[in-house]
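Just so it is clear, the values below take in all heavy atoms, side chains as well, and ignore hydrogens, waters and symmetry mates. A quick note: this is a predicted structure, and the numbers were derived from the prediction, not measured.
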Amino acid sequence: MLRFVDRKKNIIRRSGENIAAAEVEAVLQVARHGETRSQLLPSRTKLREEEVFACVILTEAQDAAVAADTLFQHCNRELAYFKVPGWICFVDELPTTGTQKIQKHDIFLDGNDPRTVPGVFDMRRFKKRTEKAARD
């Protein structure tokens, strides 16, 4: 008997759209000049099934609000509007296994909704379909 305790595929499903977590993580890494690690989590919502929740490690001290806005703007330029993270959270570290694989289910251990953790930036109000995206 096998029992899966993680996602079978690393896909987030938002309003019928499939979002590859690896694609968004690659854009986040480019935004931070390859100096950091990030991990995407699906966050349940009533309206959209799941929303993209990004956990990011900042490598240099800076204002978290400015960093969140910079990351959001970069993702908004590089990705389709529905792939842009709806929430951004800065963490000190990401839990890993012995082979350095990030353990998503251990990031928020206490069972709280990650969206309610202090320091989470809700960017959903800025996610808008632009004319360029509508034409593509």
Any heavy-atom pair between the side chains of [Y] and [X] that's under 4.5 Å?
| X | Y | value |
| --- | --- | --- |
| Phe126 | Gln73 | no |
| Ile88 | Met123 | yes |
| Lys127 | Glu51 | yes |
| His74 | Val30 | yes |

> Once you round to the nearest 0.5 Å, how far does CG of Leu71 lie from CZ of Phe90?
Replying inline: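 The CG atom of Leu71 sits 5.0 Å away from the CZ atom of Phe90.
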>> Distance check, rounded to the nearest 0.5 Å: Asp69 atom CG versus Asp63 atom CG?
In response: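 Rounded to the nearest 0.5 Å, the CG-CG separation comes to 10.0 Å.
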> For the residue pair Ala20 and Ile11, what are the closest heavy atoms and their distance?
Replying inline: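 Reported closest heavy-atom pair: CA-CD1, 3.9 Å.
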>> On a heavy-atom basis, which atom in Val84 and which in Phe72 lie closest, and how many Å separate them?
In response: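 For Val84 and Phe72, the tightest heavy-atom pair comes out as CG1-CE1, 3.2 Å.
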> Can Glu23 and Lys83 be counted as an ion pair, charged N to O under 4.0 angstrom?
Replying inline: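 Yes, this pair counts.
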> Run the side chain to side chain contact (heavy atoms under 4.5 Å, CB included) check on Val120 and Phe53 step by step: do they pass?
Replying inline: CA-CA 9 Å; Val120 172; Phe53 186 103; 3.9 Å; yes
